[in-house]
Structure formats: structure tokens, C-alpha cells
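For reference, the structure discussed in these notes is given below.
Scope of the values below: all heavy atoms of this structure, side chains included, with no hydrogens, waters or symmetry mates.
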Amino acid sequence: MLAGHQGRGRWLAAAVAILAVGACDSLEKRPVGTIGHVQGFAGMVAADEPRAALVGRDVLSAGGTAADAAAAMYFTLAVTYPSAASLGGGGSCIVHDSGRKKTEVMEFPAIASTMGGAAPSAVPANPRGFFALHAKYGKLRYESLLAEPERLARTGTTVSRALASDLARAVPVLGRDHPARAVFFRPDGSVLREGDTMIQPQLAAVIANLRRNTGDFYSGLVARELVKGVQAAGGTLTLEDLRDIRPTWRDTLTLKVGDETAHFAPPPSVGSTVAAQMVGTLWERWGNAPAAERPHLLAEVSARVYADRARWMRPSGWTNDDPAGLVAEKRLTDLLAGYNPERHVPVTGVSAPPTDYPLATGFVAMDAQGSTVACGVTTYGLFGGGRMIPGAGIVLAGVPGPNGPPAITTMMTVNHNTNEVHFAGAASGGGTAPGALVASFLAATLDGKSLDEALATPRLVHPGAPDAVFVESGAYALDPAGLQQRGHQASPVAMPSRVEALHCLAGYRNPDRCDTSTDPRGFGLATKVGKP
């Protein structure tokens, strides 16, 4: 009997082994484009809205590149987070391609229409921007990346806490627009709340057309209908506006940070340029500054950088200066001239605080090969101006200038000797975003904090004018006592900044030391894809 049991045991063990091998073969044969195609570490994603992060995760698992994931995440956000990511808006992305060993930035700002009007609106730039990103760096079929966003719009998606928070604040503006009310309000007249189902069939039809022919959105039948719809909504748009808007590939602003190079988006990505000046000014001093001095050091740098911004920035966010000169060593040295570690020194040359509207959204993605994308998009206002294009379901974006410069803040650090990204982040929050991203970066890279701890670091901003430092209140409050002792007028406020980031301490080839995190002040999601 014992021998019989042993025989059956050996047979069962063999059967289990055969099944296990068969299961492995089945997994190995999963084609590119199928979730689970990548075995082991497939990358990381983080976004301000959870559904977008989940879609990005699935794209990476299916073998997509970081650019594929970013495009899919954006179009998902256009459905699930239209308050900041409408098809009508614009943005920018920093891209590192590990195969080409190249880091560059793609700008696609939503500029004002050439058509005059009492309530101007922006030319939609996001669809063409993410099409261009995919065309250069994508791998999966473009139409497959838009399939899930189209389905979510057509059959409905659950309103997330992130969107519900924005909807609650936007009732006064959305309530005046009939097309917007049809999408964002309940039948009883109240605004949608977290957990409600939001259905957008008109937006689904637009995304379906973008899947088949993106060009039609800019120069075909859809373009003509779009122009009519925008004008019917009281906005400004012409066929020439749509035809002429183009994404632009540009060199990044660069700084040396230890053995790595930090990359930032140049103007009109004003927040990224401000962050570049802050990092360049702080990097050599931060590690040697006592803990008690650091809030003061950050406040002084913030004030000086915002004073400099008032000199170089045009209302649209562009500059007449050479962008590289904004981060030149002499300029950064001059910014901190006269710094007193014991006392606040007021700045001159700035007469008004930054007018940046805080609403934007950022997201980051890294794939299994280490290619990385960090993007920010904006509608230049909460749901733009609160108007929706009839028949299209697209929220009209505001324009830079009246609503402040583009609220886009992104950065990335690359060790070009090993061709590996070590940090990438995207921040929203208008004038508070650069300081939030920089503080998170310094905490993770110089202070050795975990990424979760780094993003939870209390924040502050000194805008130059008024001569006051605004410190974070609430769950992540910053004690203003040390600042006040050094002569600062400190005012506690709630910080609207949100940071999405990833950090690979030893590069993507050591994924067990890679991490990604979403801002604890928001309602986003960050996740690693697959197992290291």
C-alpha cells in the first residue's frame, strides 16, 4: 500500500510539474498587447486619478512603452478627470528614451485662438500632442491605447474622489452651461458625487474618431464641426487655428546634480523653469544646511526665483531670454547673492504675486526598459471656463495670460553614464508646484527619505510679493516658528500642490530599489507593474 501511495505521489508530482510548465508556456506565449506579456518588472506609473494609473499599468504589463502608457493615461484622464485634462487643453512631457539614449521635451501648449472674442478659449492641443508622443516613442497600436478611454466614456465610469472634489467646487460655473449640466449633474439637479456613474457618449464618439483618424480632429469634418461647436458655446476657434497648432520637440533645460543631469521643460512650462532655478540654487547648499535653516533657505530661494521670473516671463509663459541662460551658473549664483542664513532679506523688482491658476494634473511612467515620461496638462482653470462644446462633450480650456501662465511643472534626472533615470516627477498647484516638486526631490535624493516620506514633506512658498512666506497647514503642517525668528512674515495656508513621482535609487535594472508614489494630499494612485 505504501508503495502504491508513493507511486501515486510521484505521478501527482509529475502532473503538477507538467501543468506548471504548461502554465509557464501559456504565459510566455501571451502576445505583445496582452496584459501579462511582460514577465517580471514591467515598470511603474503614478497619476492624480486612480483609473488613469490602472490603465497605464495594464499598458505596461502588455509590453507597451512609457510613451504608450502616458498616451493611454492621458486619454483616460480626459474622460475621468476633465476638470484638468480636457481634450481642449494643452501641456508638455519630458521623455527619456533608453534605446536612443536621448532626453527631450515635447511642448504642446494650448495657445489662444487667433479669433477675437469677449470670452476667448484655447486651441485644443492635447490630442495632437499625445499622438506625436506615441508616433515617436510608442510601440503598441495607437488605436488600442484609446480603446479603454472610449469604453469608459461610452458605458460610464465611476466618479472618483479626485473628480468629485473638483465638481463640488465648480458648481457655480458648470451650473450655468447646459451641455455641462447634462454630463456633470444628476437628474435631480445636484452635481455628481463620488461613486456616481458618469456617462459621456458624445466624448466617446470624439475619442472613437481620434482612434481611427487623429488628423480629422484638426483638418477634416470633425474639425469643421468642432469650430462650429466652440463658437456656439461662446468660445473662439477657427479652422486655421486647428490646422496650425503643432507639438514641438525641444531641448530640455539641464543642470548637473552630482553624477546625474537634471532635465526640466523650458518656457512656456514656467513651473518647470522655476523648479530648475530652485534646484540649481539649492543643490550645493542643501546637504550642508542645518535642519533648522532649511525652511528659511527654501523660502529665500523661492522669493528670489519668483522675483527673477517676474523679469523674464511674458504673460503667455514664454520668454525673450535664451532659456539656457536662465539656469546658467552665473545667473544662479547671482540669485543667491547676499543670502543671510540668519535673517530674511526682502527681494526687489516684483510688484505682484504669481497669477498661476493652480489646477493642472501630472503623471509619470517608466517601462521595463527604463524609458520614462513625465507629463503635465492643464485646462487653464477649473473645468477651463466652465463651458462644454455642444455635441462633442469637450470642456473648453481657458487661455494663458488672463488665467496665468501654463501650470506645468515636470523634471527628470538621468545618469547618462548608465543611461538610467533615477527620479521623475510631475507637480500641479500653480505657483506652489515648483517648490513642492523640488522639496520632494531633495528629500528623496539628498536626504535619503523614502518616496512616500519625501512627498509628505511639509511645503512652503515665498512668491516674492507680497513679502510673506506661505507655509502648509493641515495634516502636513510646517511649524513657522523658525521662519518667524529669522524675520519672515509666515501665513499658514492649505497647499493645492500635488506631486506624482518615481525614484529608482540604483536604476531600473535594480527594480527592487525602485519606488513610485502619489501625493498623500490628493486622491491619486501609484503602482509598480509586475514583480522584480
Side-chain angles (χ1 to χ4, degrees), residues 46 48 162 165 264 270-279 281-283 285-286 289 291-306 309 344 353-354 356-362 364 376 404 407-411 423 425-447 449-464 466-484 486 488-501 503 517-524 526:
D48 283 326
S165 175
F264 302 84
V270 174
S272 294
T273 307
V274 169
Q277 289 189 316
M278 293 181 74
V279 169
T281 308
L282 287 165
W283 181 259
R285 287 179 174 266
W286 190 259
E293 182 193 339
R294 286 181 170 183
H296 168 68
L297 173 60
L298 186 58
E300 293 293 279
V301 166
S302 177
R304 291 158 188 249
V305 168
Y306 272 107
R309 189 186 97 151
H344 168 54
D356 314 40
Y357 200 92
L359 196 73
T361 188
V364 294
I408 309 298
T409 304
T410 49
M411 71 170 292
F423 181 90
S428 59
T432 68
L437 183 55
V438 170
S440 299
F441 167 67
L442 294 174
T445 56
L446 287 183
D447 298 344
K449 293 184 178 180
S450 71
L451 199 54
D452 285 347
E453 291 175 318
L455 267 60
T457 300
R459 296 168 183 169
L460 64 81
V461 60
H462 193 311
D467 185 16
V469 57
F470 297 92
V471 299
E472 186 167 14
S473 61
Y476 306 95
L478 176 67
D479 184 356
L483 290 162
Q484 292 166 337
R486 286 175 166 84
H488 288 277
Q489 178 182 328
S491 300
V493 297
M495 287 284 172
S497 51
R498 303 289 183 266
V499 177
E500 307 298 321
H503 185 212
S517 185
T518 187
D519 200 300
R521 300 159 186 79
F523 311 107

Which atom pairs, donor and acceptor, lie under 3.5 Å between side-chain atoms of residues 473-483 and protein residues at least two apart or in another chain?
from   : atom 1 : to     : atom 2 : distance (Å)
Ser473 : OG     : Val493 : O      : 3.1
Ser473 : OG     : Ala494 : N      : 3.4
Asp479 : OD1    : Ala481 : N      : 3.1

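Taking OH of Tyr306 as the start and CE of Met278 as the end, the distance is 7.0 Å to the nearest 0.5 Å. Thr445 OG1 to Phe423 CZ: the interatomic distance, rounded to the nearest 0.5 Å, is 7.0 Å. Remark: Arg294 CZ to Leu282 CG distance equals 10.0 Å, nearest 0.5 Å. Here CG of Asp452 is found 9.5 Å from OG1 of Thr518. Values are rounded to the nearest 0.5 Å. Between the CG atom in Leu460 and the CE atom in Met495 there is a gap of 6.5 Å [rounded to 0.5 Å]. A distance of 12.0 Å separates OG in Ser440 from CD in Glu453, rounded to the nearest 0.5 Å.
Within the 4.5 Å cutoff, the side chain of Leu297 has heavy atoms near those of the Arg285 side chain. The closest side-chain heavy-atom distance from Val279 to Phe264 is below 4.5 Å. Side-chain contact between Asp467 and Gln489 is absent, with no heavy-atom pair separated by less than 4.5 Å. Residues Arg486 and Glu293 meet the side-chain proximity criterion, which asks for heavy atoms closer than 4.5 Å. Taking the side chain as every heavy atom from C-beta outward, Pro463 and Phe470 approach each other to under 4.5 Å.
Taking every heavy atom of both residues into account, Ala427 and Leu437 meet most closely at CB-CB, 3.9 Å. Shown here for Ala299 and His462, the closest heavy-atom pair between the two residues is O-CB, 3.4 Å. Among all heavy-atom pairs drawn from Ala275 and Val438, the shortest one is O-CG2, 3.7 Å. Taking every heavy atom of both residues into account, Ser517 and Ala46 meet most closely at O-CB, 3.9 Å. The minimum heavy-atom distance between Ala426 and Val364, with the atom names listed, is N-CG1, 4.0 Å. Between Gly271 and Thr409, the closest heavy-atom pair is CA-OG1, 3.2 Å.
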Trace of the side-chain contact (heavy atoms from CB on, under 4.5 Å) decision for Glu500 with Asp48: CA-CA 7 Å; Glu500 307 298 321; Asp48 283 326; 2.6 Å; yes

Run the side-chain contact (heavy atoms from CB on, under 4.5 Å) test on Phe441 and Leu446 for me, step by step, so that the C-alpha distance in whole Å, both residues' side-chain angles and the decisive distance to 0.1 Å come before the verdict. CA-CA 8 Å; Phe441 167 67; Leu446 287 183; over 6 Å; no

Stepwise side-chain contact (heavy atoms from CB on, under 4.5 Å) test for Ser491 and Val471: CA-CA 6 Å; Ser491 300; Val471 299; over 6 Å; no

Verdict with supporting geometry, Lys449 and Leu455, side-chain contact (heavy atoms from CB on, under 4.5 Å): CA-CA 9 Å; Lys449 293 184 178 180; Leu455 267 60; over 6 Å; no

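Side-chain contact of Glu300 with His344: a donor-acceptor pair under 3.5 Å is present, judged by distance alone. In this structure, a donor-acceptor pair under 3.5 Å is present between the side chains of His296 and His488. Looking at Thr410 and Ser272, their side chains do bring a donor and an acceptor atom within 3.5 Å of each other.
Without hydrogens or angle criteria, Ser497 side chain to Ala433 main chain gives no donor-acceptor distance under 3.5 Å. Of the possible donor and acceptor atoms, one in the side chain of Thr432 sits under 3.5 Å from a partner among the backbone N and O of Gly429.
With sequence neighbours left out, the side chain to side chain donor-acceptor pair (under 3.5 Å) criterion links Arg521 to Glu472, Asp519.
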